[in-house]
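I have placed the structure first, in the form of structure tokens, so that the comments after it can refer back to it.
All ligand and atom numbering here is 1-based and tracks the order in the structure.
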Amino acid sequence: MIERIETLKIIPVLAVDSVEHAGPLADALCGGGLPCAEVTLRTEAALGVIKRMARRENLLLGVGTVHNPDQAKAAIDAGATFVVTPGFNPRTVAWCLENDIPVFPGTSSPTDLELALEFGLELVKFFPAEAIGGVTTLKAFSAPYGELRFIPTGGITAKNLLDYTSLPCVAACGGSWMVRPELLHAGDFQEIERLVVEAVGLVSCQASLSGGNRTRLDR
Ligand code: 3PG
């Protein structure tokens, strides 16, 4: 799971109001070269969207904005295969680990990172990335916590994506910039796919300039 996330380099974060949008959205993500989605539990339709998207076998499907084990379980039952949380809830993390579910809890302080180590995690979300100092803060975190890797999320766009993905401590970036609410409401899946293609092109170009997608052991 972590290797696949690391290869894709980007996790599209979705807040989808209508189950009807699940199919075309999955098409746009897969068609654009990013078969991955974090469906946030911020809408009434979220679990239905997860159920619908789970039909796509090639789509790496996670659930986001999870605040407790019950929500995690409901989303996993609906078909999600990984869990992302905005903050570090030890109960949610423990439930996921007990049930062999990959979990990437939000961290925003060294105290959170200590907890991540206590739980034996190797990959965590860094949230809200831009608001808490972005790349500068992430580099500062990474120095004493070299064994941890991060999924920065929050305020990331095509403009600053590569600043993050160029850091060895970054496995992938999360963000909603490709699936903006106004595009979803307008049903503009063509533009969503264009933004996905653009993002994939950026990280692919960076990877080829730096010698390909290196694995952690190569670094
Ligand atoms: C999340 O839920 O992870 C964030 O809200 C996504 O942040 P963004 O909307 O700034 O990309």
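Distance from atom 9 (O) of ligand 1 to its nearest protein heavy atom, with residue and atom name: S176 OG, 2.6 Å. Atom 6 (C) of ligand 1 has its closest protein heavy atom at T153 CG2, 3.7 Å. Closest to atom 4 (C) of ligand 1, if we only count protein heavy atoms, is F127 CE1, 3.6 Å.
The closest approach between a heavy atom of K125 and any atom of ligand 1 is below 4.0 Å. Residue contact annotation: G154 has a non-hydrogen atom under 4.0 Å from ligand 1. The closest approach between G155 and ligand 1 falls below 4.0 Å for a heavy atom of the residue.
For the pair L60 and P35, the minimum side-chain heavy-atom distance is 4.5 Å or more.
A donor-acceptor pair under 3.5 Å links the side-chain atoms of Q206 to the main chain of L162, judged by distance alone. Proximity of a side-chain donor or acceptor of T40 to a complementary backbone N or O of G64 within less than 3.5 Å is not detected.
Listed by atom number, the atoms of ligand 1 under 4.0 Å from G175 heavy atoms are 11 (O).
In terms of polar-atom proximity, V13 is not counted as a contact of ligand 1, lacking any N or O under 3.5 Å from an N or O of the ligand. Below 3.5 Å of separation, one finds an N or O of R42 facing an N or O of ligand 1.
Both I11 and V49 are assigned to one and the same hydrophobic cluster, defined by single-linkage of ILVMFWY side chains at heavy-atom distances under 4.5 Å.
Summarising the local packing, CD of Q190 is surrounded by 12 or fewer heavy atoms from other residues, nucleotides or ligands at distances under 6.0 Å.
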- Message: ring pair (Phe, Tyr, Trp, His ring centres under 6.0 Å) for F119 and F88? Distances and angles first, verdict last.
- Response: CA-CA 11 Å; F119 276 91; F88 204 113; 5.7 Å; yes
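A distance of 12.5 Å separates CZ of R91 from OG1 of T85, quoted to the nearest 0.5 Å.
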